[in-house]
K.L.:
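Next up is a structure, given as structure tokens.
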Amino acid sequence: MSDIKKIAVLTSGGDAPGMNSAIRAVVFAAINSGYEVVGILRGYEGLIDWEVKELTIDNVRNINNRGGTILFTSRSERFLDKKYREIAADNMREHGVDALVAVGGDGTLRGAIELRKEGVNIICIPGTIDRDMACTEYTLGFDTAANTATEAIDRIRDSSLSHGRCTVVEVMGRKRGYIALWAGMATSADAIVLPEKWDGNFDNIINALKQRHVDGRNSYLVVLAEGVTDADKLAELIQKQTGIESRVSVLGYIQRGGSPTAKDRMYGSLMGAYAVEILKNGKGNRIVAIKNDLLIDYDITEAIELNNNELDDFQYKLSLTLAE
Ligand code: F6P
């Protein structure tokens, strides 16, 4: 058992739908355990500047359904500097905060590992639409982002079909292709271009589109994960080599916003409550993760050392056989 009296919670990196559910669950679980809770604003930046907001049950009401993060977020450059991490750790000690719950992606986890060296007890919750953290099968926000992208691509298809065009739709994901894979499969795309699988040329895609054109198909959809190549260049290449009129749609930040799906609300709630449970059990410096659909936790340093750039192979192969 622990002797914690006060904890802090922050969100950092790209906002992700479900972060608010995690904050809410941390607040409920902490208060029900007799802890005080303080919200740190703007991620690690707020920890350095001690920009905070006391959190009570009253001020986390009606946030489960809200996108973004009520605590705001940032990608803190200053936190890369030890001097500022020392200030952050001193701020926590000075204000009697015994532990910090940080919701975010790999950058947040790396920040946590460094902050631990300054004597801070920190629990991480994986939150990023990219689903790109090797330590967990799920990251908050992915489900909402994949659904938003799917809905947007369905709409784009209507227009593409009406004009008999090919549309290259670029989706987010940083260096991972999960949003592209899921939204691409869900919208029966003709081709899905994934960073993990791209072999450096588009010959297969061009040939497949040419064949479909010959077969008399009227519209074509290519879902491209950001970071593989420039979407405009790909559309130009398709138009030049196949003769199909081509357009580009970059979905961008629409994928990060919006009301979270039930899955993101539920997982946010589970992960938030679990983070407090870890602290109650006297453990520290852990990340909450999902494995085989169950909640588990790892040491944060062990978690960052895990490396997995593979996509689920069965899902990937299926995407090839189901391409329309
Ligand atoms: O990590 C989430 C993400 O939306 C990525 O998919 C994207 O590459 C990046 O953030 C964009 O970051 P920023 O908000 O700094 O433009």
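Please read all numbers here as calculations on a predicted model, not as lab measurements. In what follows, every heavy atom counts, from backbone to side chain, and hydrogens, waters and symmetry copies are set aside. Each ligand, and each atom within it, is numbered from 1 in the order the structure gives.
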K.L.:
Does ligand 1 have an atom under 4.0 Å from some heavy atom of Gly173?
P.N.:
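True for this residue.
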K.L.:
Pick one: which of Leu279, Asn121, Leu55 meets side-chain contact (heavy atoms from CB on, under 4.5 Å) with Ile7?
P.N.:
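With Ile7 as partner, side-chain contact (heavy atoms from CB on, under 4.5 Å) holds for just one option, Leu279.
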K.L.:
Give, for atom CZ of Arg174 and atom CD1 of Ile179, the distance between the pair rounded to the nearest 0.5 Å.
P.N.:
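Reported value, rounded in 0.5 Å steps: 11.0 Å.
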K.L.:
Do Glu226 and Lys175 have side chains that get closer than 4.5 Å, going by heavy atoms?
P.N.:
no
K.L.:
Distance under 4.0 Å to a non-hydrogen atom of Glu226: what atoms of ligand 1 satisfy this?
P.N.:
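Heavy-atom distances to Glu226 below 4.0 Å select 5 (C), 6 (O), 7 (C), 8 (O).
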K.L.:
How far is atom 3 (C) of ligand 1 from the closest protein heavy atom, and which atom is that?
P.N.:
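Heavy-atom neighbour on the protein nearest atom 3 (C) of ligand 1: Arg256 NH1, 3.5 Å.
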K.L.:
For atom 15 (O) of ligand 1, what's the nearest protein heavy atom and its distance?
P.N.:
Arg75 NE, 2.8 Å
K.L.:
Evaluate the ring planes of Phe142 and Tyr178, with Trp represented by its six-membered ring, and classify them as parallel (under 30°), tilted (30 to 60°) or perpendicular (over 60°).
P.N.:
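Rings of Phe142 and Tyr178: perpendicular, over 60°.
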K.L.:
Does Asp158, at its CG atom, have more than 12 non-hydrogen atoms belonging to other residues, nucleotides or ligands within less than 6.0 Å?
P.N.:
yes
K.L.:
Using 4.0 Å as the upper bound for N to carboxylate O, is an ion pair formed by Asp143 and Arg131?
P.N.:
no
K.L.:
Within a distance under 4.0 Å of any heavy atom of Tyr253, pick out the atoms of ligand 1 and give their elements.
P.N.:
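Once the distances to Tyr253 are compared, the set is 13 (P), 14 (O), 16 (O).
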K.L.:
For ligand 1, which atoms have a heavy atom of Met172 less than 4.0 angstrom away?
P.N.:
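In order of number, 4 (O), 6 (O).
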K.L.:
Could you find the nearest protein heavy atom to atom 1 (O) of ligand 1 and give me its residue, atom name and distance?
P.N.:
Asp130 OD2, 2.7 Å
